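A short worksheet on the structure shown next.
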Amino acid sequence: MNKPSITRRQTLSVMAGAFLWPMGAAGTRGLHIESRPLFGSTAEVMIRHASIGATSADPMRRVVKELERLNRDWNAWKPGVLVELNQALLQGRSGAVAPDLLALIRLARTLEARSGGLFNAGIGGLVSAWGFHADVLRPDAGLVPGEPVPWRGRAPSLSRLRVEAGGRLSSTDPRVQLDLGAIAKGWAIDRALDELARQGQPHAVVNLGGNLAVQGDAGGRPWQIGVRDPLGGGVVATVSTRSREAVVTSGSYERYRQIAGRRVSHIVDPRSGCPAEGLASVTVLHPSAAVADAAATALMVAGPRQWPFVAARMGVRQVLALHADGRGTMTSAMASRLRLRESRWTSQLKVIA
Ligand code: ADP
Ligand code: MG
């Protein structure tokens with residue numbers, strides 16, 4: 001049996017959002033866990049061997065290497081593939097784009113349209129102006145609430161991108177600056193699980209900073225996933241997953257700038273050009289982690305009243321929204337999947353869609 005590379009206690013302590021519910025000693029038998037600091041948080045890949053003694057070393061290495069590559073290539077502010085492409089678009093030139101990046105951009109464009117523009121991976125310029133293109137966020141680096149915002153009401157859109165012969169990408173609007181922060185983790189999770197299945201590892205969990213997806217099972221029973229309280233350390237609910245399923249959370253409580261006692265969230269509303277307010281977190285269950293990731297961000301932007309309409313437009317049925325004021329709302333499809341744990345939210349949750 002492969003020894004887990006980190007202990008279970010460490011695994012559970014590092015991430016907000018969703019996490020693998022402790023399975024007890026018997027459940028961790030045959031579980032190969034690798035963990036790395038990636039995507040601005042912790043990446044974990046967990047593979048359960050179908051039989052004790054089987055080895056998952058090669059598939060694990062391959063998947064971790066690929067996650068490292070995506071983390072490097074698709075960063076919006078560190079020198080690399082995406083920064084070079086953005087530079088080209090800004091200067092009105094075309095840029096080279098690999099097939100997997102092109103496929104992700106196409107999906108992002110579709111989801112932008114479905115979200116009514118609330119999820120928009122072309123607003124890198126705005127996200128940067130608000131000071132969020134940095135590993136460490138500072139109160140004094142970036143716009144402050146009340147200041148004039150560039151492109152108010154006129155956010156650039158991925159619909160302005162053109163694919164040229166030879167797979168090069170250009171834009172009819174030089175303001176389009178790609179920022180894949182709200183979808184790349186989901187996409188990477190999906191690809192990692194696909195690759196593991198191809199490599200003969202059908203039972204696995206991939207967790208990128210509290211966004212995770214599972215496939216297969218935890219040894220004859222479903223993987224159990226916990227959803228953390230965004231306003232404290234506790235657990236709001238657990239989910240008994242289906243065979244291939246993502247549990248993705250977008251929140252305003254982890255990456256924010258603290259300005260004059262106010263939290264300024266890293267999720268920007270493309271309509272106003274200002275950081276989204278009103279929701280502490282949105283959790284989405286969906287077969288595709290990429291769709292869940294983009295949708296969770298769009299619903300954070302939509303806010304406590306509008307999110308059900310945007311969810312319906314995006315075809316996302318299982319949603320839990322925890323409001324910044326301590327109330328919470330969810331769809332009935334989500335309510336039927338959650339097992340609520342005793343927390344500040346228990347008496348505050350209402351089914352509204
Ligand atoms: P997390 O990365 O914490 O899981 P999200 O998936 O919501 O959270 O992604 C937030 C990131 O996406 C931001 O840091 C920024 O890079 C980018 N972003 C911010 N606002 C939007 C938006 N309205 N649409 C698409 N991407 C956004
Ligand atoms: Mg997202």
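Counting starts at 1 for both ligands and their atoms, following the listed order. What you are looking at is a predicted structure, and each value in this text was computed from that prediction instead of being measured.
The existence of a salt bridge linking Glu66 and Arg61 is excluded, since no basic side-chain nitrogen approaches an acidic carboxylate oxygen closer than 4.0 Å. Under 4.0 Å is where a charged nitrogen must lie from a carboxylate oxygen, and between Arg244 and Asp194 at least one such pair does. A salt bridge links Glu34 with Arg36: the closest approach of a Lys/Arg side-chain nitrogen to an acidic carboxylate oxygen falls below 4.0 angstrom. The pair Asp140-Arg257 fails the salt-bridge criterion, with no side-chain N (NZ, NE, NH1 or NH2) lying under 4.0 Å from an Asp/Glu carboxylate O.
Residue contacts to the Mg ion (ligand 2): Thr297 brings an N, O or S atom closer than 2.8 Å. The nearest N, O or S atom of Phe119 is not closer to the Mg ion (ligand 2) than 2.8 Å.
Although no hydrogens or angles enter the test, the distance criterion places a donor-acceptor pair under 3.5 Å between the side chain of Thr297 and the main chain of Asp293. Arg114 contributes no side-chain N or O that, together with a main-chain N or O of Ala295, makes up a donor-acceptor pair within less than 3.5 Å.
Contact analysis puts Phe119 in contact with ligand 1, with a non-hydrogen atom separation below 4.0 angstrom. Within the 4.0 Å heavy-atom cutoff, Glu112 does not count among the residues contacting ligand 1.
Ligand 1 has a nitrogen or oxygen under 3.5 angstrom from a nitrogen or oxygen of Leu118. Every N/O-N/O distance between His133 and ligand 1 stays at or above 3.5 Å. Considering backbone and side-chain N/O of Gly251, none are found under 3.5 Å from N/O of ligand 1. At least one N or O atom of His266, backbone or side chain, sits closer than 3.5 Å to an N or O atom of ligand 1.
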Before you tell me yes or no, could you show the steps for Glu277 and Arg263 under salt bridge (Lys or Arg N to Asp or Glu O under 4.0 Å), namely the whole-Å CA-CA distance, both residues' side-chain angles and the distance that decides it to 0.1 Å? CA-CA 9 Å; Glu277 286 179 343; Arg263 283 185 180 190; over 6 Å; no
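Counting just the N/O/S atoms of Asp293, the one with the shortest distance to the Mg ion (ligand 2) is named OD1.
The protein heavy-atom contact nearest to atom 26 (N) of ligand 1 is Ala182 CB, 3.4 Å.
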